[in-house]
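Please read all numbers here as calculations on a predicted model, not as lab measurements. Ligands are counted one by one from 1 in listed order, and the atoms in each one are counted from 1 as well.
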Amino acid sequence: MEKGRMLYEGKAKKVYETDNPEYRIVSYKDDATAFNGEKKGTIVGKGAINNQMSNLLFQMLAKNGIPTHFVEELSERETVVKAVEIVPLEVVVRNVTAGSMAKRLGLEEGRELSHPIVEFYYKRDDLGDPLVTDAQIEVLELAPAKIRDEIREMALQVNELLARFMADRGILLVDFKLEFGVTESGELLLADEISPDTCRFWDIETKEKLDKDRFRRDLGNVEGAYQEMMKRVSEVQN
Ligand code: TMP
(Lines give C-alpha, C1' and ligand atoms only; values in the text may rest on other atoms or scores of the structure.)
Protein backbone atom coordinates (compact mmCIF):
# COMPACT_ATOMS: atom_id res chain seq x y z
CA MET A 1 0.00 0.00 0.00
CA GLU A 2 1.43 3.39 -1.07
CA LYS A 3 1.57 6.29 1.40
CA GLY A 4 0.18 9.43 -0.25
CA ARG A 5 -0.43 13.00 0.89
CA MET A 6 -0.48 13.74 4.64
CA LEU A 7 -4.09 14.59 5.55
CA TYR A 8 -3.65 15.47 9.20
CA GLU A 9 -1.01 15.78 11.88
CA GLY A 10 -2.17 15.38 15.46
CA LYS A 11 -0.26 15.50 18.73
CA ALA A 12 0.71 11.83 18.63
CA LYS A 13 0.01 10.61 15.09
CA LYS A 14 0.06 11.55 11.43
CA VAL A 15 -2.58 10.33 8.97
CA TYR A 16 -1.87 9.79 5.26
CA GLU A 17 -3.97 9.12 2.19
CA THR A 18 -3.35 5.90 0.28
CA ASP A 19 -4.02 4.89 -3.32
CA ASN A 20 -7.31 3.37 -2.06
CA PRO A 21 -9.86 5.96 -0.83
CA GLU A 22 -11.24 3.42 1.67
CA TYR A 23 -7.90 3.14 3.47
CA ARG A 24 -5.51 5.45 5.28
CA ILE A 25 -2.13 5.00 6.91
CA VAL A 26 -1.50 6.20 10.46
CA SER A 27 2.04 6.84 11.64
CA TYR A 28 2.64 6.98 15.41
CA LYS A 29 5.09 9.56 16.81
CA ASP A 30 7.21 9.58 19.98
CA ASP A 31 5.92 13.10 20.77
CA ALA A 32 3.99 13.41 24.02
CA THR A 33 1.80 16.26 25.19
CA ALA A 34 -0.39 16.82 28.23
CA PHE A 35 -2.82 19.46 29.50
CA ASN A 36 -4.02 20.25 25.99
CA GLY A 37 -0.54 20.62 24.58
CA GLU A 38 0.81 22.90 27.34
CA LYS A 39 3.35 20.29 28.41
CA LYS A 40 5.49 18.80 25.65
CA GLY A 41 8.08 16.04 25.55
CA THR A 42 9.29 12.87 23.92
CA ILE A 43 8.78 9.33 25.12
CA VAL A 44 11.42 7.29 23.29
CA GLY A 45 9.91 4.22 21.64
CA LYS A 46 6.32 5.28 22.40
CA GLY A 47 5.22 5.43 18.75
CA ALA A 48 6.20 1.82 18.10
CA ILE A 49 4.68 0.59 21.36
CA ASN A 50 1.38 2.46 20.91
CA ASN A 51 1.08 1.26 17.32
CA GLN A 52 1.71 -2.39 18.13
CA MET A 53 -0.32 -2.40 21.35
CA SER A 54 -3.32 -0.72 19.69
CA ASN A 55 -3.23 -3.23 16.84
CA LEU A 56 -3.04 -6.18 19.20
CA LEU A 57 -5.97 -4.85 21.26
CA PHE A 58 -8.05 -3.95 18.19
CA GLN A 59 -7.59 -7.53 16.93
CA MET A 60 -8.60 -8.96 20.32
CA LEU A 61 -11.71 -6.74 20.31
CA ALA A 62 -12.57 -7.61 16.69
CA LYS A 63 -12.42 -11.32 17.56
CA ASN A 64 -14.98 -10.55 20.24
CA GLY A 65 -17.40 -8.76 17.93
CA ILE A 66 -16.30 -5.10 18.16
CA PRO A 67 -15.93 -3.53 14.68
CA THR A 68 -12.66 -1.53 14.47
CA HIS A 69 -10.77 0.52 11.88
CA PHE A 70 -7.72 -1.81 12.00
CA VAL A 71 -6.69 -3.32 8.66
CA GLU A 72 -2.99 -4.24 8.64
CA GLU A 73 0.22 -3.37 10.48
CA LEU A 74 2.76 -2.09 7.93
CA SER A 75 5.80 -1.53 10.12
CA GLU A 76 6.83 -0.76 13.72
CA ARG A 77 5.08 2.61 13.61
CA GLU A 78 2.69 2.44 10.67
CA THR A 79 -0.71 0.82 10.19
CA VAL A 80 -3.35 0.71 7.46
CA VAL A 81 -6.78 1.64 8.83
CA LYS A 82 -10.22 2.13 7.29
CA ALA A 83 -10.99 5.73 6.35
CA VAL A 84 -13.61 7.15 8.72
CA GLU A 85 -15.04 10.48 9.70
CA ILE A 86 -14.29 10.79 13.40
CA VAL A 87 -17.31 11.51 15.63
CA PRO A 88 -16.19 14.64 17.54
CA LEU A 89 -16.55 12.99 20.96
CA GLU A 90 -13.92 11.66 23.34
CA VAL A 91 -15.61 8.72 25.01
CA VAL A 92 -14.25 8.04 28.50
CA VAL A 93 -15.09 4.88 30.45
CA ARG A 94 -14.24 4.75 34.16
CA ASN A 95 -14.08 1.80 36.56
CA VAL A 96 -12.12 3.44 39.37
CA THR A 97 -11.89 7.11 40.47
CA ALA A 98 -8.87 8.96 39.04
CA GLY A 99 -7.81 11.98 37.05
CA SER A 100 -10.33 14.69 36.20
CA MET A 101 -13.25 12.88 37.87
CA ALA A 102 -11.40 12.64 41.18
CA LYS A 103 -10.27 16.26 40.93
CA ARG A 104 -13.60 17.79 39.89
CA LEU A 105 -15.68 15.89 42.46
CA GLY A 106 -13.20 16.02 45.35
CA LEU A 107 -12.69 12.25 45.46
CA GLU A 108 -9.56 10.34 46.31
CA GLU A 109 -8.10 8.32 43.45
CA GLY A 110 -8.43 4.54 43.47
CA ARG A 111 -12.03 4.07 44.65
CA GLU A 112 -13.84 1.38 42.68
CA LEU A 113 -17.10 2.64 41.17
CA SER A 114 -20.28 0.60 41.83
CA HIS A 115 -20.59 0.21 38.05
CA PRO A 116 -18.62 1.45 35.02
CA ILE A 117 -19.61 4.90 33.75
CA VAL A 118 -19.34 6.50 30.31
CA GLU A 119 -18.67 10.23 29.84
CA PHE A 120 -18.64 12.22 26.61
CA TYR A 121 -16.27 15.12 25.99
CA TYR A 122 -16.59 17.44 22.98
CA LYS A 123 -13.39 17.04 20.89
CA ARG A 124 -12.41 20.71 20.66
CA ASP A 125 -8.82 21.56 21.60
CA ASP A 126 -9.58 25.30 21.56
CA LEU A 127 -12.17 24.72 24.33
CA GLY A 128 -10.09 22.16 26.25
CA ASP A 129 -12.41 19.23 25.36
CA PRO A 130 -15.36 20.11 27.65
CA LEU A 131 -17.69 17.49 29.15
CA VAL A 132 -21.01 17.43 27.24
CA THR A 133 -24.44 16.10 28.21
CA ASP A 134 -26.68 13.97 25.98
CA ALA A 135 -28.88 17.04 25.41
CA GLN A 136 -25.88 19.15 24.37
CA ILE A 137 -24.71 16.40 21.98
CA GLU A 138 -28.18 16.57 20.40
CA VAL A 139 -28.56 20.34 20.07
CA LEU A 140 -24.98 20.82 18.84
CA GLU A 141 -25.56 17.88 16.44
CA LEU A 142 -22.29 16.23 17.46
CA ALA A 143 -23.86 12.82 16.83
CA PRO A 144 -27.38 11.52 16.17
CA ALA A 145 -28.98 10.04 19.32
CA LYS A 146 -28.92 6.56 17.79
CA ILE A 147 -25.17 6.71 17.05
CA ARG A 148 -24.49 8.17 20.52
CA ASP A 149 -26.38 5.30 22.16
CA GLU A 150 -24.57 2.72 20.00
CA ILE A 151 -21.26 4.34 20.98
CA ARG A 152 -22.13 4.15 24.69
CA GLU A 153 -23.08 0.47 24.34
CA MET A 154 -19.90 -0.37 22.38
CA ALA A 155 -17.74 1.52 24.88
CA LEU A 156 -19.16 -0.58 27.74
CA GLN A 157 -18.55 -3.78 25.76
CA VAL A 158 -14.95 -2.69 25.06
CA ASN A 159 -14.59 -2.04 28.80
CA GLU A 160 -15.68 -5.58 29.71
CA LEU A 161 -13.35 -7.19 27.19
CA LEU A 162 -10.39 -4.93 27.90
CA ALA A 163 -10.74 -5.07 31.70
CA ARG A 164 -10.76 -8.89 31.58
CA PHE A 165 -7.80 -9.00 29.16
CA MET A 166 -5.81 -6.67 31.41
CA ALA A 167 -6.77 -8.43 34.66
CA ASP A 168 -5.40 -11.67 33.17
CA ARG A 169 -2.08 -9.83 32.84
CA GLY A 170 -2.05 -8.34 36.34
CA ILE A 171 -3.29 -4.91 35.25
CA LEU A 172 -6.19 -2.90 36.69
CA LEU A 173 -8.01 -0.96 33.94
CA VAL A 174 -8.79 2.27 35.82
CA ASP A 175 -10.21 4.30 32.92
CA PHE A 176 -9.65 4.96 29.22
CA LYS A 177 -10.68 7.10 26.26
CA LEU A 178 -12.04 5.87 22.94
CA GLU A 179 -12.87 7.54 19.65
CA PHE A 180 -15.30 6.28 17.05
CA GLY A 181 -15.66 6.96 13.33
CA VAL A 182 -18.18 6.40 10.57
CA THR A 183 -17.17 5.02 7.15
CA GLU A 184 -18.45 6.38 3.83
CA SER A 185 -21.01 3.55 3.83
CA GLY A 186 -22.26 4.51 7.31
CA GLU A 187 -20.61 1.80 9.41
CA LEU A 188 -19.69 2.79 12.99
CA LEU A 189 -16.15 1.65 13.89
CA LEU A 190 -13.90 1.90 16.91
CA ALA A 191 -11.00 4.10 15.74
CA ASP A 192 -7.96 6.07 17.02
CA GLU A 193 -5.78 4.08 19.46
CA ILE A 194 -5.80 2.12 22.73
CA SER A 195 -2.48 2.59 24.47
CA PRO A 196 -0.83 3.88 27.66
CA ASP A 197 -1.42 7.38 26.18
CA THR A 198 -5.18 6.88 26.31
CA CYS A 199 -5.73 4.53 29.27
CA ARG A 200 -4.90 4.40 32.97
CA PHE A 201 -3.23 1.08 33.73
CA TRP A 202 -2.24 0.21 37.33
CA ASP A 203 -0.44 -2.90 38.50
CA ILE A 204 -3.15 -4.88 40.31
CA GLU A 205 -0.93 -5.70 43.30
CA THR A 206 1.29 -2.66 43.79
CA LYS A 207 -1.02 -0.06 42.15
CA GLU A 208 2.05 1.26 40.31
CA LYS A 209 1.04 3.53 37.42
CA LEU A 210 2.03 2.07 34.02
CA ASP A 211 0.68 4.77 31.70
CA LYS A 212 1.00 8.39 30.57
CA ASP A 213 0.27 9.71 34.08
CA ARG A 214 4.00 9.06 34.67
CA PHE A 215 4.69 11.77 32.05
CA ARG A 216 1.78 14.08 33.04
CA ARG A 217 2.80 14.01 36.72
CA ASP A 218 6.61 13.79 36.33
CA LEU A 219 6.78 10.42 38.10
CA GLY A 220 9.88 9.21 36.20
CA ASN A 221 10.55 5.93 34.35
CA VAL A 222 8.02 6.80 31.64
CA GLU A 223 9.70 4.64 28.96
CA GLY A 224 9.98 1.73 31.42
CA ALA A 225 6.24 1.85 32.10
CA TYR A 226 5.36 1.76 28.38
CA GLN A 227 7.77 -1.17 27.87
CA GLU A 228 6.34 -3.05 30.85
CA MET A 229 2.78 -2.61 29.48
CA MET A 230 3.86 -3.84 26.04
CA LYS A 231 5.43 -6.90 27.67
CA ARG A 232 2.28 -7.67 29.68
CA VAL A 233 -0.04 -7.20 26.69
CA SER A 234 2.14 -9.46 24.49
CA GLU A 235 2.11 -12.31 27.06
CA VAL A 236 0.53 -15.42 25.58
CA GLN A 237 -2.11 -16.86 27.87
CA ASN A 238 -2.48 -20.63 28.19
P1 TMP B 1 -9.25 12.30 32.69
O2 TMP B 1 -9.37 11.65 34.02
O3 TMP B 1 -8.13 13.28 32.59
O4 TMP B 1 -10.57 12.87 32.22
O5 TMP B 1 -8.88 11.14 31.65
C6 TMP B 1 -9.70 10.01 31.49
C7 TMP B 1 -9.02 9.01 30.56
O8 TMP B 1 -8.91 9.55 29.26
C9 TMP B 1 -7.60 8.63 30.96
O10 TMP B 1 -7.45 7.24 30.81
C11 TMP B 1 -6.71 9.36 30.02
C12 TMP B 1 -7.55 9.55 28.80
N13 TMP B 1 -7.32 10.84 28.13
C14 TMP B 1 -6.93 10.86 26.80
O15 TMP B 1 -6.75 9.82 26.17
N16 TMP B 1 -6.75 12.07 26.21
C17 TMP B 1 -6.95 13.24 26.85
O18 TMP B 1 -6.77 14.31 26.24
C19 TMP B 1 -7.38 13.22 28.22
C20 TMP B 1 -7.58 14.47 28.98
C21 TMP B 1 -7.54 11.98 28.81
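Remark: atom 20 (C) of ligand 1 lies closer than 4.0 Å to no protein heavy atom. Protein non-hydrogen atoms do reach within 4.0 Å of atom 6 (C) of ligand 1.
Using a 4.0 Å cut-off between charged nitrogen and carboxylate oxygen, Asp213 and Arg216 count as a salt-bridge pair. Looking at Glu78 and Lys3, a side-chain N of the basic residue comes within less than 4.0 Å of a carboxylate O on the acidic one, giving a salt bridge. Between Lys209 and Asp203 no salt bridge is recorded (no basic side-chain N to carboxylate O distance below 4.0 Å). Salt bridge present: Arg148 and Glu138 bring a charged side-chain N and a carboxylate O closer than 4.0 Å. With respect to the salt-bridge test (charged N to carboxylate O, under 4.0 angstrom), the residues Glu119 and Arg94 qualify. Ionic pairing of Asp31 and Lys40 is not present here: no N-O contact between side-chain nitrogen and carboxylate oxygen is shorter than 4.0 angstrom. The pair Lys39-Asp218 meets the salt-bridge criterion, since a charged nitrogen lies less than 4.0 angstrom from a carboxylate oxygen.
For the pair Lys207 and Trp202, the cation-pi criterion (under 6.0 Å, within 45° of the ring axis) is not fulfilled.
In this structure, Arg94 has a heavy atom closer than 4.0 Å to ligand 1. Within the structure, ligand 1 has Arg216 among the residues with a heavy atom less than 4.0 angstrom away. Residue contacts with ligand 1 leave out Asn36, since none of its heavy atoms falls under 4.0 Å from the ligand.
For ligand 1, the polar-atom distance check against Asp175 finds a nitrogen or oxygen pair separated by under 3.5 Å.
The single protein non-hydrogen atom nearest to atom 15 (O) of ligand 1 is Lys177 CE, 3.1 Å, given as residue, atom name and distance. The nearest protein atom to atom 17 (C) of ligand 1, hydrogens excluded, is given as Glu90 OE1, 4.0 Å; this is a heavy-atom distance.
The only member of Glu193, Glu72, Glu73 that meets side chain to side chain donor-acceptor pair (under 3.5 Å) when paired with Asn55 is Glu73.
Listed by number with element, the atoms of ligand 1 under 4.0 angstrom from any heavy atom of Phe176 are 10 (O). Residue Ser100 approaches ligand 1 through these ligand atoms, each under 4.0 Å from one of its heavy atoms: 1 (P), 2 (O), 3 (O), 4 (O). Listed by atom number, the atoms of ligand 1 under 4.0 Å from Arg200 heavy atoms are 1 (P), 2 (O), 3 (O), 5 (O), 6 (C), 9 (C), 10 (O). Taking every heavy atom of Asp197 and a limit of under 4.0 angstrom, the matching atoms of ligand 1 come to 15 (O). Listed by number with element, the atoms of ligand 1 under 4.0 angstrom from any heavy atom of Gly99 are 2 (O).
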